[in-house]
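Each remark here refers to the structure printed beneath this line.
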Amino acid sequence: MGHGGQGGQGGQGSNLSLRSSDRRKPPLRLLSLSPPSPLSPPSPQSPVPSLHTPEMAKTKQKKSKRSKKPEAPTLSLKEQLAQKRKATQARKELTSLLTTATCGGVFLGIVLFFVAGIKAALPGVLGVIVMSLSYKYPRQALYAFIIYVPAGGTITYYLGNSPVLQLAKDAFYVPALIGLWQTCRKQGLPMIIPSGIKTPLYIVLGCCVLTLLFVNGGQQFNPPSVGLLQKAPKELPLGMGILGLKVLLGYVPLIACAYYLIRDKRDFLLLSRLQVSLILICCVLGFIQYFLLFTGICKGTRGLEGNALFVTSLEARCYFGGALLYSPEEGVIRLPGTFVAPWQWAWFLISSTFFTFATGFTDPSIIWRLIGLGSLATVFINAVISGQRIALALVPTCFGILLLLTGQIGNLKRFIPIGIGLALILGIAMVTNPAVVQERTASFTSRWEASPPQDFIVQQFEENWKNVDGPLGSGLGRATNSARTMGETKLVETYYPKVLYEIGIVGVLAFLALVTTLTIIAFKTYRSIKNRNFRSYGAALWVFILFISYNTYYYPLDVDPVAVYYWFFAGVLFKLPELEKQDKEDADPNPKNKKKRLKTI
């Protein structure tokens, strides 16, 4: 018994010792599920395997990165109902506006139909509707304005070639500007951006007002006497002056329009990509136009006689754009692309070099960088086939200047593939069309030798300095081509001699001070940007502003598209530092450091 009892006790003690051992050393499987308490750390003789393996650490880092992304807040029922009410109210306002505008437009169209015919009635109806919508929705109107600029020449001739359609783009711009001005006045925001151009702008405006009042006003109310048997010409000098003022300074407010249009980086990318898309579409249409003429589908000016072989003709129009000249047997080609006149197409190609370059080198998306560079290649090809000597000379020149002044030539990682790609595309184009390239080059060199640009500019300055009526000029609009329907105008083929003739020496010096101030502020703005992509884009825009500010060959600042792009993209440049600040705020995890962003349009 005792022995059995001892055996029983021993057995019991053995069981107890196993249980206590089990308690002291739990299995590893259980340990992995419930880690030991910090109050009873494992003994060094029996180390506990580490739970934090490298794979688990990576998983936790990924989870923490995912958790940093802000989740879209779930709207409450009350907020959802408020959004529905807001959308319903917006639809009602749009319906009411469309109804009112359509009724007003139809009434005006009926009146215009009996007065001036269908060519005036149709633009009148569309004008009332477009202006009403543009005033109500200025943001969408500005985008429509930018889209219309390169397409205006084609639309004008498809709708009947009415003179009113030449100003159709302003139906988007002017009401949107008025709406923006009212919003800025309510919120206490400036309309003159940057503030540094205020003084020179007011001086130029003062010179223009003096010329309008004393020179144009004098011509209106005290016209020069004519001979006894001569008939006084029917003129409207004050109307010419107002139109001339609009041409000279009418698009300066586009700086503020572009500045307030871009609210954040998404808007900036949308605008830059929209511009590149428009350039690509227009260049493809320009190539199709050349192909239709080359294959004989469009006749052009072939087969005509005498001077008609060397003059642009609207009758020779080929689907897109306006008047053209295509007499390859005489070695002369002048294509308008999607614009009214060939030289407008040339300046569109020149200005497009800057925008496609900027997107091709700076867009964060590789797809859009490729689209930008593809658009740049189409610009080069159209510069050759369009027959415009100035485009053939300035497109590659501007590309080289951009490489140097923006510093992209030192970015070998991007520059070398892009340079090889462009060289390959242009090489193929030149090899497949050697006659075209040779003819364009010969035309350019012969024109340069016959009339060097520098001599032509000096001659224009001398002529207009001698012929200007006085220190206030000969009158606003007197050298503006678009004002010729209101009176006699003089053809001045260079810009600053044209400004000298219209508003005198004081006015031209004041305008030079304005563009110089704008150029200096633009340079300081882009140099203040630290973000590499924003800085490169700003550098490209600054080179564009610098080039156009002091270019006096022809008058691109007077007409589309440069007259629009110069001021509009200056506003884009001045917005870039604020976009950089927003980027820094968005990267800051502390919501207290994020400033409230103003909503204008």
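Predicted, not measured: the structure shown is a model, and the values here were computed from it.
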If I take atom [atom1] from residue [X] and atom [atom2] from residue [Y], how far apart are they, to the nearest 0.5 angstrom?
X      : Y      : atom1 : atom2 : result
Tyr143 : Leu270 : OH    : CG    : 4.0 Å
Ile147 : Leu274 : CD1   : CG    : 5.0 Å
Leu500 : Ser474 : CG    : OG    : 8.5 Å
Cys282 : Phe320 : SG    : CZ    : 10.5 Å
Ser386 : Leu392 : OG    : CG    : 8.0 Å
Leu133 : Lys136 : CG    : NZ    : 10.5 Å

[X] side chain vs [Y] backbone, donor-acceptor pair below 3.5 Å:
X      : Y      : answer
Ser132 : Ala101 : no
Gln220 : Gly239 : no
Arg527 : Lys524 : no
Asn216 : Pro237 : yes
Thr338 : Pro150 : yes
Ser536 : Asn533 : no
Thr353 : Ile350 : yes

Do you know which two heavy atoms are closest between [X] and [Y], and how far apart they sit?
X      : Y      : answer
Gly473 : Val468 : CA-CG2, 3.6 Å
Trp345 : Pro336 : CB-O, 3.2 Å
Thr356 : Gly372 : CB-O, 3.6 Å

Using a strict cut-off of less than 4.0 Å between a Lys/Arg side-chain nitrogen and an Asp/Glu carboxylate oxygen, indicate whether [X] and [Y] qualify as a salt bridge.
X      : Y      : answer
Glu493 : Lys498 : no
Asp267 : Arg139 : yes
Glu585 : Lys581 : no

Tell me every residue that passes side chain to side chain contact (heavy atoms under 4.5 Å, CB included) with [X], counting only those two or more places apart in sequence or in another chain.
X      : result
Ile192 : Ile197, Lys198, Leu201, Tyr202
Lys246 : Leu167, Asp170, Leu243, Tyr251
Val215 : Thr211, Gln219, Leu472
Ala522 : Trp542, Ile545, Leu573, Phe574

Inter- and intrachain pairs under ring pair (Phe, Tyr, Trp, His ring centres under 6.0 Å), touching residues 452-478, at least two apart = none
Check whether any side-chain heavy atom of [X] sits under 4.5 Å from a side-chain heavy atom of [Y], and report yes or no.
X      : Y      : result
Lys490 : Asn467 : yes
Val395 : Phe380 : yes
Asp558 : Asn481 : no
Phe361 : Leu402 : no
Arg478 : Val492 : no
Trp347 : Leu394 : yes
Phe399 : Val379 : no

Determine, step by step, whether Glu580 and Arg535 satisfy the salt bridge (Lys or Arg N to Asp or Glu O under 4.0 Å) criterion, reporting the C-alpha distance in whole Å, the side-chain angles of both residues, the deciding distance to 0.1 Å, and the verdict.
-> CA-CA 10 Å; Glu580 185 181 38; Arg535 185 183 177 95; over 6 Å; no
Check step by step if side-chain hydrogen bond (donor to acceptor under 3.5 Å, both in side chains) holds for Tyr259 and Glu578.
-> CA-CA 10 Å; Tyr259 186 87; Glu578 187 172 329; 2.8 Å; yes
For residues [X] and [Y], is any side-chain donor paired with an opposing acceptor at under 3.5 Å?
X      : Y      : result
Tyr550 : Thr516 : yes
Thr519 : Ser549 : yes
Gln182 : Tyr135 : yes
Thr480 : Glu502 : yes

Out of Ile381, Leu376, Thr378, which residue meets the side-chain contact (heavy atoms from CB on, under 4.5 Å) rule with Cys283?
-> Thr378
Which residue, Leu579, Leu271, Leu261, forms the side-chain contact (heavy atoms from CB on, under 4.5 Å) with Val572?
-> Leu271
Listed by chain and number, what are the ring pair (Phe, Tyr, Trp, His ring centres under 6.0 Å) partners of [X], not counting sequence neighbours?
X      : result
Phe339 : Phe348
Trp343 : Tyr555
Phe355 : Phe544, Tyr565, Phe569
Phe534 : Phe268

Contacts of Lys584 that satisfy salt bridge (charged side-chain N to carboxylate O under 4.0 Å, His left out) - sequence neighbours left out | none
Non-neighbouring partners of Arg273 that pass salt bridge (charged side-chain N to carboxylate O under 4.0 Å, His left out), sequence neighbours left out | Asp363
Please report the C-alpha distance between Leu576 and Tyr526 in whole Å, then the side-chain angles of each, then the deciding distance to 0.1 Å, and finally whether the side-chain contact (heavy atoms from CB on, under 4.5 Å) criterion is met.
-> CA-CA 8 Å; Leu576 293 179; Tyr526 110 77; over 6 Å; no
Please lay out, stage by stage, how Ile457 and Tyr496 fare under the test side-chain contact (heavy atoms from CB on, under 4.5 Å).
-> CA-CA 9 Å; Ile457 293 169; Tyr496 284 107; over 6 Å; no
Please name all residues satisfying side chain to side chain donor-acceptor pair (under 3.5 Å) with Gln344, sequence neighbours left out, ordered by chain then number.
-> none
Check the pair Thr183, Gln187 against side-chain contact (heavy atoms from CB on, under 4.5 Å), reporting the backbone distance first and the verdict last.
-> CA-CA 6 Å; Thr183 304; Gln187 298 186 12; 3.8 Å; yes
Carefully, step by step, assess Glu93 and Leu97 under the rule side-chain contact (heavy atoms from CB on, under 4.5 Å).
-> CA-CA 6 Å; Glu93 290 178 0; Leu97 178 65; over 6 Å; no
